[in-house]
Amino acid sequence: MRNMRLILLALILTTALACAPPAKEVANSVAKQVDVFIGTTAGGNVHPGATTPFGMIALSPHTNTQDWINMGYNHADSFIIGFVHNQVSGIGCAEYGNFLVMPVRNSTTLENFGYKSPRTDERGKPGYYATMLTKPNVQVELTATARTAHHRYTFKQNAKGDTLKLFFNMSRCSFPQKPKHSEASIGNDGTIHGLGIFYGGFGSDPKEMQAFFSAKPSKKPDFIAVYKLSNKRSEIRSDLQSIQAEDSEECGAILGWIASKDEEEIELTSAISYKSFQNSDNYIRAIEEKSTSFNRIAAQVEIAWNELLNKVQIQGGSKAEQTLFYTALYRMCLMPTDITGETPDTFKTTGKAFTNYFAIWDTYRTQNPFFTLWLPSLQKDLLNSLLDIADHRGWLPDGFTGNAFTSMQGGTNADVLFADVAVKNLKGVDYERAFKYVMKNATDTTGDKPNINARKGRFPEYLRQGFLYADKQWVSVSKSLEYAYNDYCVYALANAIGKGDSAKFALERASKVFELFDTTTGFFRPKRSDGKWVEPFKPTMIFPEGQVWSYEVHYYEGSAWQYLGYVPHNFYRLIALLGGKEKFIAKWDTMLTSRDKEGYFTIWNEPDMLAVWQYIYAGKADRVQLFTRDILKKDFRVAPDGYKGNDDSGTLSAWYVWASLGLFPNAGQDWYFVGSPVFTKVVMKLENGNSLVINAPNASEKNVYVKSLKLNGIPIERAWLRHSEIANGATLDFEMTDMPTDWGSRELPPSPTFKKIQQLN
């Protein structure tokens with residue numbers, strides 16, 4: 001019954017969004033500053049499709065290129081093969097891309113996407129996408145609510161007797177995912193139903209994903225057909241109204257109209273469900289019951305985006321910086337996906353349900369801490385949904401997509417999420433349940449069998465010694481570093497809720513990773529079980545020549561340089577082992593100034609995202625100010641190739657947002673680094689009704705250094721702030737200059753390993 005109430009609530013909200021009266025233009029509109037094409041080629045892996053904040057529908061174009069370098073859409077590819085209904089954003093591997101729709105004119109071939117078309121006049125904004133398909137001469141417009149997709153296809157310059165068609169591919173999925181079984185059926189009025197069972201995507205446990213599709217055209221078709229594509233041969237059947245396809249086959253449906261005038265407009269309302277046709281049908285019915293229009297829906301979705309993005313108002317900076325900022329803020333709000341009412345019948349939820357935590361190894365560093373500050377009610381819901389997943393599956397996931405666990409990456413990183421909100425005193429999270437599951441992570445060895453990735457829980461040898469040997473485990477160094485910080489976060493959560501004594505073992509174990517630090521080379525280095533260092537050792541090496549994953553790979557998606565700083569729980573010990581502050585600064589200078597060289601610093605590689613801020617531990621806040629501004633300027637551009645690496649569910653975008661504000665989280669701890677604000681004024685509206693105001697009136701491309709800082713009118717000399725100092729609203733007044741200063745050099749950040757964490761009230 002609870003799930004049914006949540007479904008009804010989602011339907012009410014969807015209907016209200018679609019059918020509300022047109023709203024006046026919101027003052028200081030910011031949604032129009034979003035460029036949805038930034039990062040859509042050259043590694044960003046984002047999509048330009050129509051979607052709502054955290055919405056289940058992402059109605060997006062797919063291009064002809066199908067490989068690992070894109071999630072179905074690549075701006076550099078000129079051919080569109082159709083428009084799909086669900087999509088992940090910025091990840092480095094595939095999922096979804098289901099239920100493709102494509103407008104077609106007259107006869108065409110089905111093999112090898114024979115209906116694909118070049119495009120021109122491509123446009124987009126939050127909640128809306130449009131393009132002109134030149135082959136069928138069709139103007140395409142797309143918009144969406146949280147649970148419904150809305151298509152408008154305008155066929156231009158029709159000749160008498162032209163057949164205007166919509167193709168539906170029920171087997172479509174993003175590379176390398178494959179269809180195991182698919183079905184298509186058509187009613188006499190043109191109502192479409194499709195079922196797809198897919199496998200081989202990133203969601204791996206269970207290995208199969210099931211999805212349901214419903215669609216209804218704005219007018220009854222003149223003819224209908226179903227088709228099947230097998231062994232690259234197609235069969236179109238106008239005498240059937242349903243068809244099925246099996247493994248690696250395709251099937252679909254065709255709706256057709258005979259052109260009667262020069263220009264014909266066909267609208268389509270569609271929906272997906274991961275649970276039933278009843279749900280997908282209900283989402284469409286809720287729209288139909290309140291008469292509305294495509295234009296009204298598109299306008300209301302833009303207003304919804306504007307109201308969200310307008311909670312962070314900026315002044316100053318260049319036009320490009322403002323566009324990059326709001327685009328990044330937009331990208332942060334695409335995932336995880338709200339699937340309340342869409343979980344399996346056996347999946348009991350205590351509130352909202354989410355999927356597409358993709359993956360926490362990425363998002364815990366930037367995106368989730370931003371939600372804790374900006375949208376704490378959302379962060380609370382996200383974390384409680386993770387606990388519901390753990391109740392259902394027995395473990396907290398590191399990644400969860402398509403209602404399935406994904407491969408783990410560097411550790412059990414949900415530990416960091418719960419520590420982060422606990423030490424920041426976020427209300428409403430079920431900390432007792434969280435404590436149970438993070439303690440399971442810290443003590444249980446019964447998780448998945450070892451493989452290239454991490455595992456649920458810990459490895460027995462890690463429990464014994466606090467690190468892993470290179471001849472026993474793949475990516476042994478990075479796993480050890482990740483587990484060490486996970487262990488610290490287990491203690492941080494336990495201590496915050498008054499159970500620190502029960503997790504002291506985890507705090508003590510977190511320091512043992514320094515057994516892998518080689519003072520001769522100055523790096524965390526792979527060690528064999530006989531106690532000897534692995535030779536040869538090249539600190540910039542990510543993959544040995546000719547290899548991708550093997551026991552010769554010691555760092556997950558990184559090098560010894562890129563993992564050097566990943567001891568946030570005891571960074572002062574690292575500084576000491578490097579020979580003191582001056583030698584640490586020199587080493588970090590080498591890393592940051594060599595970032596154009598492979599294996600050094602890469603901003604889009606997650607292990608590096610904290611590195612530039614760590615100068616503050618050595619009292620060199622001016623280096624942070626210099627390098628963050630330089631990274632913002634050189635590594636992000638207003639262009640389709642404006643992101644050089646994967647956005648990873650908004651992780652890279654969140655880094656951009658934080659750095660532009662002049663702040664950065666130390667995830668799992670209750671304070672923020674202070675950097676160099678880009679904008680002359682920022683007003684972040686908080687959920688409690690107050691605002692975090694950041695004033696930097698003389699900030700400019702030249703004035704990147706902090707001369708002084710006031711917190712609520714009181715001068716402070718430290719380049720870090722407690723969460724409690726800003727979470728309820730505060731004013732930061734920066735005085736900027738064009739020359740380095742020694743501001744921030746005297747009062748250094750706390751060392752959390754040796755300081756008791758504030759208990760929750």
Side-chain angles (χ1 to χ4, degrees), residues 328 362-370 372-373 416 420 481 485 558 561-575 578 581 584-593 595 600-636 651-678 694 704-706 709 716-723 725-726 732 734 740-752:
D362 307 278
T363 63
Y364 82 79
R365 305 168 198 263
T366 58
Q367 183 201 47
N368 287 108
F370 196 83
T372 299
L373 179 63
V416 187
D420 191 65
L481 290 166
Y485 194 57
W561 269 108
Q562 292 168 340
Y563 273 93
L564 177 56
Y566 201 70
V567 280
H569 56 299
N570 203 347
F571 201 77
Y572 291 117
R573 183 174 178 184
L574 176 63
I575 291 176
L578 288 172
K581 291 181 181 179
F584 156 74
I585 292 168
K587 191 149 194 167
W588 250 238
D589 285 349
T590 298
M591 177 169 60
L592 268 296
T593 57
R595 71 178 194 269
Y600 287 93
F601 176 91
T602 308
I603 188 55
W604 52 90
N605 193 24
E606 279 73 9
D608 274 348
M609 288 184 171
L610 194 65
V612 65
W613 305 89
Q614 291 173 325
Y615 280 108
I616 291 173
Y617 286 109
K620 291 297 292 181
D622 61 301
R623 290 285 209 283
V624 176
Q625 298 149 22
L626 171 67
F627 284 119
T628 56
R629 284 293 203 98
D630 195 52
I631 292 166
L632 290 172
K633 180 180 178 181
K634 294 179 179 178
D635 291 335
F636 298 87
T651 298
L652 184 58
S653 287
W655 194 97
Y656 186 93
V657 168
W658 278 116
S660 296
L661 298 179
L663 297 171
F664 197 77
N666 196 14
Q669 301 175 43
D670 73 331
W671 53 275
Y672 305 89
F673 298 102
V674 176
S676 175
V678 168
I694 301 172
V704 304
Y705 297 103
V706 178
L709 173 62
I716 61 172
E717 288 293 323
R718 50 188 163 89
W720 55 277
L721 297 164
R722 292 281 187 190
H723 178 76
E725 293 177 314
I726 62 174
L732 300 174
F734 286 85
T741 74
D742 64 354
W743 177 85
S745 63
R746 286 173 283 280
E747 188 176 351
L748 302 183
S751 180

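Quick caveat, the model's predicted, so the values are computed rather than measured.
- A search for salt bridge (charged side-chain N to carboxylate O under 4.0 Å, His left out) contacts involving Arg365 returns Glu482, not counting sequence neighbours.
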Please lay out, stage by stage, how Arg623 and Leu592 fare under the test side-chain contact (heavy atoms from CB on, under 4.5 Å).
-> CA-CA 10 Å; Arg623 290 285 209 283; Leu592 268 296; over 6 Å; no
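- With sequence neighbours excluded, the residues forming a side-chain hydrogen bond (donor to acceptor under 3.5 Å, both in side chains) with Ser676 are Arg629, listed by chain and number.
- The side-chain contact (heavy atoms from CB on, under 4.5 Å) search around Pro665 returns Pro369, Trp658, Tyr672, not counting sequence neighbours.
- Taking both residues in full, the closest heavy atoms of Trp671 and Pro750 are given as NE1-CG, 3.5 Å, listed atom of the first, atom of the second, then distance.
- Under the ring pair (Phe, Tyr, Trp, His ring centres under 6.0 Å) criterion, Phe571 pairs with Phe584, Trp588, Tyr617, sequence neighbours left out.
- For Leu610, the side-chain contact (heavy atoms from CB on, under 4.5 Å) partners at least two apart in sequence or on another chain are Pro568, Gln614, Phe664, Asn666, Phe673.
- Nearest heavy-atom pair across Val657 and Ala328 is CG2-CB, 3.7 Å.
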Applying side-chain contact (heavy atoms from CB on, under 4.5 Å) to Trp655 and Leu632, what does each step give before you reach the verdict? CA-CA 10 Å; Trp655 194 97; Leu632 290 172; 3.9 Å; yes
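- Annotation: side-chain hydrogen bond (donor to acceptor under 3.5 Å, both in side chains) contacts of Tyr615 (sequence neighbours excluded): Asp589.
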Tell me which donor-acceptor pairs under 3.5 Å the side chains of residues 600-607 have, and how far apart each pair is, sequence neighbours excluded?
unit_1 : atom_1 : unit_2 : atom_2 : d
Thr602 : OG1    : Gln562 : NE2    : 3.3
Asn605 : ND2    : Glu557 : O      : 2.8
Asn605 : ND2    : Gln562 : OE1    : 3.1

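- Partners of Asp630 according to the side-chain contact (heavy atoms from CB on, under 4.5 Å) rule, which considers only residues two or more places apart in sequence or in another chain, are Arg595, Lys634.
- Summarising the geometry of Trp720 relative to Arg722, their closest heavy-atom pair is CZ3-NE, 3.9 Å, with the distance given to 0.1 Å.
- Every residue was checked against the salt bridge (charged side-chain N to carboxylate O under 4.0 Å, His left out) condition with Asp608, not counting sequence neighbours, and none meets it.
- Of all heavy-atom pairs between Val624 and Val674, the closest is CG1-O, 4.3 Å.
- Put simply, the side chain of Leu732 reaches to within 4.5 Å of the side chain of Leu721, judged on heavy atoms.
- Residues Arg573 and Val567 fail the side-chain proximity criterion, which asks for heavy atoms closer than 4.5 Å.
- Contact annotation: the side chain of Asp622 never approaches that of Trp743 to less than 4.5 Å [non-hydrogen atoms, C-beta and beyond].
- In this structure, the side-chain hydrogen bond (donor to acceptor under 3.5 Å, both in side chains) partners of Glu725, at least two apart in sequence or on a different chain, are Arg718.
- Looking at Asp420 and Thr372, their side chains come closer than 4.5 Å, going by heavy atoms from C-beta outward.
- For Gln625 (side chain) and Val706 (main-chain N/O), a donor-acceptor pair under 3.5 Å exists by modelled atom type.
- The shortest distance between side-chain heavy atoms of Leu663 and Ile694 falls below 4.5 Å.
- When the ring pair (Phe, Tyr, Trp, His ring centres under 6.0 Å) test is applied to Tyr656, the partners found at least two apart in sequence or on another chain are Phe636.
- Atoms CG and CG, from Leu373 and Asn368 in turn, are 13.0 Å apart once rounded to the nearest 0.5 Å.
- For the atom pair CG (Leu748) and NZ (Lys620), the distance works out to 12.5 Å, reported to the nearest 0.5 Å.
- With sequence neighbours excluded, the residues that form a side-chain contact (heavy atoms from CB on, under 4.5 Å) with Lys587 are Phe523, Trp561, Leu564, Leu578.
- A donor-acceptor pair is defined here as one N or O able to donate and one able to accept, closer than 3.5 Å; no such pair exists between the side chain of Ser660 and the backbone of Val678.
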